[in-house]
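Only one structure is covered here, and it is reproduced in the block below.
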Amino acid sequence: MKKHTWNGFIGDSGSKILQIFTILSSFSVVIICSNLKFNNFDLFTTISNLRIISPSTQEYICFACWIAFSWLLYVIIPGKNELGPINVSGTRYTYKLNSLSCMMIIFILYLVVDRMQFFPLQLLSEYTDRIMVTMLYGGLCLSFLCYIKGLYFPTWNTNESKPRGNFIDDFYSGIELTPRMNSCDPCDLKLFSVGHLGMIMWFILNFSHANYAIIKYNNYTSLIIFLLQAIYIIDWAYYERWYLYTIDMQHDRLGYALCFGPISWMPVAYTMYTYYTAHNNIQNSLALQLISIIIFLFGYWLFRECNNQKEFFRHSKKYKIWGKECQYLNVCYNTSDGKLHNSRLLLSGFWGWARHFNYIGDWIMCLALSMLCGFDNISSHIYTIQMIFVLFTRAKRDDERCTRKYGEYWKQYRIKVPYKIIPYIY
Ligand code: NDP
């Protein structure tokens with residue numbers, strides 16, 4: 001049996017390209033939004049009118065308060081303590097799960113603050129460009145803090161938290177797989193970054209854009225997009241335990257990718273559909289709205305059904321897919337503590353069609369939202385375009401990682417399920 005070792009999730013050159021791509025695209029989105037207000041996608045005009053926003057001290061303080069308040073909620077609000085998967089070193093950590101409660105509390109507080117006229121909802125939408133830039137710098141600082149923490153103050157002294165010695169890889173991919181603040185265990189910093197900062201900010205910003213569009217233009221397109229994306233966000237929080245078994249939580253360490261990504265990139269790219277439609281008063285015909293909603297709901301069903309098939313199969317031996325007993329491949333792998341573990345790879349349902357058919361549903365949802373934005377301006381489709389890149393590279397690195405983990409068994413699995421994402425095509 002080949003030993004399963006940890007080699008990091010992405011090659012050196014790949015990480016550099018991704019890093020440059022995300023920083024540049026974040027900045028260009030912000031510049032496009034703040035300079036052109038989406039009037040025209042003209043790069044020359046954008047560059048010649050360049051106005052770099054620099055956040056004020058107050059804005060940085062708000063950013064720090066938001067992080068601190070979100071962390072406080074994560075720690076004090078009761079939640080379920082759930083055992084996560086066996087990781088690369090053979091350990092199973094416990095995670096505190098309470099994203100849904102924290103999201104609802106923040107949302108209600110936000111409504112109260114608006115009602116009291118203390119901070120009207122649409123202000124967040126009006127100042128989105130400033131918020132985005134503050135998050136960009138803040139996200140970069142926090143990424144550096146994660147790097148420093150991993151290097152000098154690792155939570156666990158295990159193989160899974162050893163630096164690889166290459167600054168780019170250690171900064172981009174991170175050092176710690178399960179980073180914690182010792183006194184707040186089992187609150188997990190990676191789960192906090194994605195769930196409590198990224199997902200909740202996405203929800204709140206989307207809502208304020210929808211609110212802005214209704215108040216300013218009596219336009220409901222952004223509200224439709226908000227409600228559709230809310231299904232996805234609330235679904236994530238509701239099925240939080242499932243998220244522990246995804247690549248992010250099982251295999252990726254907390255570095256720039258999982259810190260800057262949720263904190264700085266998600267509020268820019270993921271809210272672009274509502275931001276664009278709200279500030280440009282985009283109206284659609286009823287027919288287009290209905291078609292987009294149907295396509296989105298179909299994508300959501302595919303996404304959820306596919307992910308549930310794997311989740312339920314892994315947690316129950318009696319689980320049936322489409323009324324039939326599940327077909328599967330028995331596999332084993334070694335962890336770095338030298339122990340041998342058994343596992344099963346599903347061959348039935350959508351998992352028999354392609355190794356990552358669950359990515360298709362996600363992309364169909366993006367396509368539906370793009371349709372609601374119209375096709376006049378490329379910046380509103382940044383998430384849809386980015387998802388193609390994200391999902392394809394993700395499928396590739398998961399394949400490489402599973403080959404290292406399962407060795408010959410993964411080769412057998414690939415013969416049985418030869419397509420990566422799209423059956424008969426890729
Ligand atoms: P998966 O949830 O598919 O997890 C992949 C892991 O599942 C593999 O590493 C392996 O882990 C296990 N696995 C693979 N094949 C099988 C099988 N046949 N049977 C049982 N287990 C298997 O991948 P992701 O974490 O990338 O995606 C999860 C969801 O999140 C997707 O629906 C995706 O679309 C979505 N997503 C959304 C993003 C966004 O920005 N909106 C970004 C990324 C993902 P092991 O065997 O080690 O347990």
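In each ligand, atom 1 is the first atom listed, and ligand 1 is the first ligand listed.
Figure legend: Arg314 and Tyr319 shown without cation-pi pairing, the cationic atom not lying both under 6.0 angstrom from the six-membered ring centre and within 45 degrees of its axis.
Comment: Asp252 does not engage Lys190 in a salt bridge, judged by the lack of any side-chain N to carboxylate O separation of less than 4.0 angstrom. One finds a salt bridge joining Lys411 and Glu408 here, because a Lys/Arg side-chain nitrogen approaches an Asp/Glu carboxylate oxygen to under 4.0 Å. Taking a cutoff of 4.0 Å between a charged side-chain nitrogen and a carboxylate oxygen, Lys396 and Glu400 qualify as a salt bridge. Taking the charged nitrogens against the carboxylate oxygens, Glu240 and Lys80 have no contact shorter than 4.0 Å, which rules out a salt bridge. Ion pair Asp398/Lys405 not flagged as a salt bridge, since none of the NZ, NE, NH1 or NH2 atoms sits closer than 4.0 Å to an Asp/Glu carboxylate oxygen.
Residue, atom and distance of the protein heavy atom nearest to atom 44 (C) of ligand 1 are Arg394 NE, 3.4 Å. Annotation: atom 32 (O) of ligand 1 to nearest protein heavy atom, Asn307 ND2, 3.0 Å. The protein non-hydrogen atom at the shortest distance from atom 38 (C) of ligand 1 is Met387 CE, 4.1 Å. Of the protein's non-hydrogen atoms, the one nearest atom 5 (C) of ligand 1 is Asp398 OD2, 3.6 Å. Considering only non-hydrogen protein atoms, atom 20 (C) of ligand 1 sits nearest to Arg314 NH2, 3.5 Å. Protein heavy atom at the shortest distance from atom 17 (C) of ligand 1 is Leu346 N, 3.5 Å.
Taking both residues in full, the closest heavy atoms of Ala278 and Tyr212 are given as O-CE2, 3.9 Å, listed atom of the first, atom of the second, then distance. The two residues Ile364 and Gly299 come nearest to each other via the heavy atoms CG2-CA, 3.8 Å.
For atom 31 (C) of ligand 1, the choice among Thr246, Val390, Asp399, Asn358 with the nearest heavy atom turns out to be Asn358. For atom 26 (O) of ligand 1, the candidate residues are Trp265, Tyr359, Trp202; the nearest heavy-atom contact is made by Tyr359. If you check each of Leu302, Leu391, Asp362 against atom 37 (C) of ligand 1, the one with the closest non-hydrogen atom is Asp362. Among Tyr270, Trp363, Trp242, the residue whose heavy atom lies closest to atom 29 (C) of ligand 1 is Trp242.
Counting heavy atoms closer than 4.0 Å to ligand 1, residue Tyr232 contributes side-chain atoms (C-beta onward) but none from N, CA, C or O. For Tyr328, no heavy-atom contact with ligand 1 is shorter than 4.0 Å. Using a 4.0 Å cut-off between heavy atoms, Leu347 makes no contact with ligand 1 at all. Neither the backbone nor the side chain of Arg355 has any atom closer than 4.0 Å to an atom of ligand 1 (non-hydrogen atoms only). Contacts with ligand 1 closer than 4.0 Å are made by no heavy atom of Phe357, backbone or side chain.
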For the pair Asp362 and Tyr232, evaluate side-chain hydrogen bond (donor to acceptor under 3.5 Å, both in side chains) and give the outcome as yes or no after the intermediate values.
CA-CA 9 Å; Asp362 224 309; Tyr232 187 83; 3.0 Å; yes

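Applying the 4.0 Å criterion to heavy atoms of Tyr413 picks out, from ligand 1, the atoms 15 (N), 17 (C), 18 (N). For ligand 1 and Tyr406, the ligand atoms under 4.0 Å from any heavy atom of the residue are 45 (P), 46 (O), 47 (O).
Ligand 1 has a nitrogen or oxygen under 3.5 angstrom from a nitrogen or oxygen of Lys405. Residue Lys310 has at least one nitrogen or oxygen atom sitting less than 3.5 Å from a nitrogen or oxygen atom of ligand 1, judged on distance alone. For a threshold of 3.5 Å applied to N or O pairs, the pair formed by Tyr245 and ligand 1 contains no separation below that value.
Taking the six-membered ring where the residue is Trp, the centroids of Phe226 and Phe203 are separated by under 6.0 Å. Two rings, from His381 and Phe375, have their centers less than 6.0 Å apart.
Proximity of Met266 to ligand 1 is not established, as no heavy-atom distance is less than 4.0 Å.
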